[in-house]
Amino acid sequence: MTMSEENTVPHASAEEKQKVRLPETKNLILSPSPHIQVGPGSAKIMCQVIVCLIPAIIAAFVFFGLHALRVLVICTASCAAFEYLWCLAVKRKSTVGDFSAVLTGLLLGLNISSLTPAWVCIAGSFIAIIIAKQVYGGLGQNPFNPAAVGRIAMLMGASGAMTQYAVPRSVFFAPVADALTSATPLSMAESAAGMGKSLEYFNSSGFLWRAFTGEIAGSLGETSVLAVLIGGIGLMALRLIRWQIPVSILATVAIFVSLVNHFSPGTTPGVLFHLFTGGLMLGAFFMATDMVTSPVTVKGCIVFGVGIGLLVCVIRIYGSYPEGMSFAIVLMNALVPLIDKFCYIKPFGHQNIKAGRIEPRRGEIK
Amino acid sequence: MNLWKDFSKGIWKENPVLVLMLGMCPSLATTSSGSNALGMGLATTFVLVCSNLAISSIRKIVPGKIRIPCYIVVIAAFVTVVDLLMQAYTGALYEALGIFIPLIVVNCIVLGRAEAFASKHGLLSSFMDGLGMGCGFTLALTIIGLIREFLSAGTLFNVLVSENYPVLFSVMGQAPGGFMVMGFILAGMNFLNMRKARKEGRDFVNPVDMDCKHCMICRITDEDK
Amino acid sequence: MNTEEKNVRMDAGANGNEPWMDVSAAERQRQEYLKRKQEEQERKVTPAKIRNIFYLGIFLFLVCAVAATVMCFANGVTRIPRRQAKQQKLVSALNEVLPPYNNAILKTAESKENPGNIKSTLYTAKKDGKVAGYAVQISAPEGYGGKMEGLISFSPEGRVCSFVITEHSETPGLGSEVTDRKDVRTFATLFAEKKRKPFPENLPPGKVLDQFRSRSVKTAPWRLRTEGGDIDGRSGATISSKAVTLLASRAAEILKEKLQKEGKIK
């Protein structure tokens with residue numbers, strides 16, 4: 001009585017089956033599992049990305065001293081710990097060994113200031129690992145980049161502590177309270193533009209050189225463009241990321257900023273300033289290119305990158321936050337399923353089937 | 001005994017916020033602090049009890065086809081009158097609860113209980129149901145509110161827990177914090193219920209017929225009286 | 001069971017021995033057919049139906065009429081007590097921000113429409129015929145969560161005494177740190193006797209709001225430090241701090257105008 005319709009659909013007769021030409025059986029290789037895996041596993045990929053982050057970590061240590069190491073160690077350790085504890089709580093095999101939590105912790109640490117209090121780091125790690133990743137089902141299931149989500153939560157949750165940036169080389173061993181703090185160049189430029197002051201300083205070659213090497217106030221990993229670039233080129237050489245994503249982000253930012261500068265001069269500093277400051281480089285090379293949360297196809301990657309670039313510029317120039325890289329990444333992550341849907345690759349020989357009325361089956365009442 | 005059952009089911013077994021998922025909007029929006037949550041809960045309990053009584057007493061004369069508009073009119077008129085009276089005669093109480101009163105008219109839980117319970121049961125049962133559901137709502141809201149208040153400001157009912165308490169994660173007082181706390185509480189509650197069901201050797205099911213999916217409000221034509 | 005329905009059943013039975021046609025499919029078809037039939041029936045207009053609709057409409061009208069009458073009655077009865085309660089609230093707020101006075105303060109209200117569709121009201125407090133202070137009630141639409149409303153009091157010479165935000169919808173924990181004067185109590189000192197400081201420090205502290213104290217209206221408009229002024233906003237809540245500053249500046253301009261008209265300041 002409860003047999004479903006699918007089971008009783010009339011099958012093609014034996015004669016009709018003969019008409020369909022199947023490939024020769026000996027040309028088909030079919031075998032049950034286990035299959036040999038080709039290519040790197042996730043642990044190897046994560047380790048390679050971590051190696052590419054080493055220049056940025058060294059730069060952070062050079063400019064921000066032991067505090068940089070403190071923040072990085074707290075973030076990495078607490079991310080790994082939360083991953084382990086979650087696996088323990090839900091009685092799953094521990095996934096700490098795939099190093100994804102370590103990478104998330106490192107990225108989170110590189111995204112925040114060297115003066116961030118320890119509890120803020122731990123709270124951010126909790127949100128990054130538990131809420132942004134494990135609640136969705138762990139690595140590969142998360143729709144948003146965990147490090148970006150963690151950073152946003154920290155920024156909104158503890159905005160006072162998160163907007164204290166140390167002046168580079170000002171402290172090495174001294175306690176946090178003694179550190180000289182400064183605003184980031186982006187927020188300085190925004191308030192200068194808001195007050196109608198001249199933006200000449202931000203376009204001067206001396207300032208831009210310091211921004212390139214990393215001797216400006218900011219989050220640990222994002223100040224030194226040089227170090228991030230070295231790591232990013234490494235990532236591309238190892239074929240770990242699609243080059244389309246960072247290139248389209250940077251190109252969009254450059255084009256948008258030069259258009260703004262052309263049509264309304266004085267609103268914002270020049271193209272190089274926007275490329276060299278804030279989390280743009282780190283985000284473009286290391287966070288937007290996360291394999292789980294970026295589109296599958298090349299066309300999709302370009303759409304994704306252009307979207308991030310536009311959002312970053314809009315938030316930086318017109319929004320109330322001075323920097324918007326993590327917001328842009330998370331917003332575009334939310335659109336990735338849509339992008340994938342519209343930018344899929346058509347199979348060879350694909351034809352559009354015209355949507356027509358399906359004829360009712362025999363025996364049905366018309 | 002039956003009356004006690006009508007009352008007590010609202011607190012845990014069919015808790016409106018944590019099990020039936022009714023009234024999500026106020027339970028996320030007004031729980032940024034414990035005192036706000038308590039105020040909203042008490043105001044809702046009051047309206048819920050009175051509207052249950054009113055609906056139960058007119059349930060036999062209202063034609064089935066237009067019962068929903070009738071209920072809405074009755075509840076809205078009732079809430080407006082209460083609002084005006086509170087404004088006029090209970091200044092301090094209105095200061096504390098006044099902003100929540102207009103929100104209650106459109107609160108899903110009031111209409112939900114009117115339709116699912118009061119329109120089918122007698123006065124006394126409806127009264128106990130309203131009281132129980134109101135208490136469960138207040139309890140759930142206050143717990144969420146206290147957790148959020150402690151995480152975001154380090155206080156409980158506006159009293160600082162200890163001097164120089166540093167961990168103030170203000171995002172917990174905003175909308176995302178509401179969703180997070182709610183999610184964790186729901187997960188914890190389901191976990192407890194599942195474990196209990198497993199110990200008793202039965203399958204865990206949410207109470208059907210009462211949650212949003214099964215509520216008859218959206219299916220007016222199916223059950224014309 | 002009418003003939004058409006029978007035919008359907010016969011039809012289903014006749015095809016029943018075909019492999020893809022099981023009984024449940026036939027049953028489903030029959031139900032669909034009946035449903036369609038019922039819908040047709042419903043679409044037909046009969047006198048009984050028209051009567052029913054009229055009955056329902058009149059019933060609903062009666063319910064609404066009764067509800068409206070009750071609401072009108074409640075509104076009429078509570079009109080005067082509500083107004084008194086509202087005035088009482090305003091008076092108690094004025095008592096908090098002003099030094100002791102003994103005139104009927106609500107009668108001194110001078111309402112004014114300012115540019116930007118902002119209404120303001122100026123109250124003059126007098127003690128034994130002498131001016132004891134002024135209070136300006138004004139709103140600022142520039143808040144992060146929309147409009148905020150404040151009450152700011154001045155000494156007779158035009159110096160700020162006290163400043164409270166009476167209504168706002170700023171973000172709790174961020175913008176509300178700027179607008180709210182919060183009495184910090186701990187569990188240790190919960191039941192200890194609360195000491196009230198003399199005027200104008202009678203209110204709980206507010207970090208941004210207290211910075212305006214004893215500034216003269218002559219120095220208005222005031223600005224935040226990030227905009228070249230000397231008021232320290234709260235970091236992370238720049239928009240709320242700015243709105244508060246604008247509100248105070250606007251109130252000061254109103255009082256300045258009045259004092260200049262009366263020749264008390266230049």
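Worth knowing before you read on, the calculation uses all heavy atoms, side chains too, and leaves out hydrogens, waters and symmetry mates. We name chains A, B, ... by the order of the sequence lines, and we start the count at 1 in each one.
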| field | Rounded distance [0.5 Å steps], CZ in B:Arg67 versus CG in C:Leu56 | value | 12.0 Å
| field | B:Tyr89, OH: over 12 other non-hydrogen atoms inside 6.0 angstrom | value | yes
| request: For chain B, find which of C:Ala85, C:Ala68, C:Ala74 contributes the most heavy-atom pairs closer than 4.5 angstrom. | output: C:Ala74
| query | Got more than 12 heavy atoms from elsewhere within 6.0 Å of CD1, C:Ile50? | reply | yes
| query | Which one of B:Thr155, B:Val161, B:Val73, B:Leu156 has the most heavy-atom pairs closer than 4.5 Å to chain C? | reply | B:Val73
| message | If you count heavy-atom pairs within less than 4.5 Å of chain C, which of B:Ser33, B:Ala76, B:Ala77 leads? | response | B:Ala77
| Do other residues, nucleotides or ligands put more than 12 heavy atoms under 6.0 Å from C:Lys49 NZ? | yes
| request: Search all heavy atoms of B:Ile66 against all heavy atoms of C:Phe59 and return the closest pair with its distance. | output: CD1-CD2, 3.6 Å
| remark: Whatever's closer than 4.5 Å to a heavy atom in chain B on C:Lys89 counts as side chain
| query | Of the backbone (N, CA, C, O) and the side chain (C-beta and beyond), which part of B:Phe78 lies under 4.5 Å from a heavy atom of chain C, both, or neither? | reply | neither
| Interchain contact, C:Val77 with chain B, by part (heavy-atom threshold 4.5 Å) | both
| Checking C:Asn75 against chain B: side chain, backbone, both or neither under 4.5 Å from a heavy atom? | both
| Proximal component of C:Tyr55, with respect to chain B [non-hydrogen, under 4.5 Å] | side chain
| message | Check this for me: B:Phe157, atom CZ, are more than 12 non-hydrogen atoms of other residues, nucleotides or ligands nearer than 6.0 Å? | response | yes
| Interatomic distance, B:Leu85 atom CG to C:Arg82 atom CZ [nearest 0.5 angstrom] | 9.5 Å
| message | Please check if the number of heavy atoms outside C:Arg213 that lie under 6.0 Å from its CZ is greater than 12. | response | yes
| field | Steps toward side chain to side chain contact (heavy atoms under 4.5 Å, CB included) verdict (B:Gln87, C:Thr78) | value | CA-CA 8 Å; B:Gln87 258 184 62; C:Thr78 58; over 6 Å; no
| field | Intermediate values then yes/no, side chain to side chain contact (heavy atoms under 4.5 Å, CB included), B:Leu84 and C:Arg79 | value | CA-CA 9 Å; B:Leu84 291 172; C:Arg79 178 171 293 155; over 6 Å; no
| task | May I ask you to check whether over 12 heavy atoms, not counting those of C:Tyr101, lie within 6.0 Å of atom OH? | result | yes
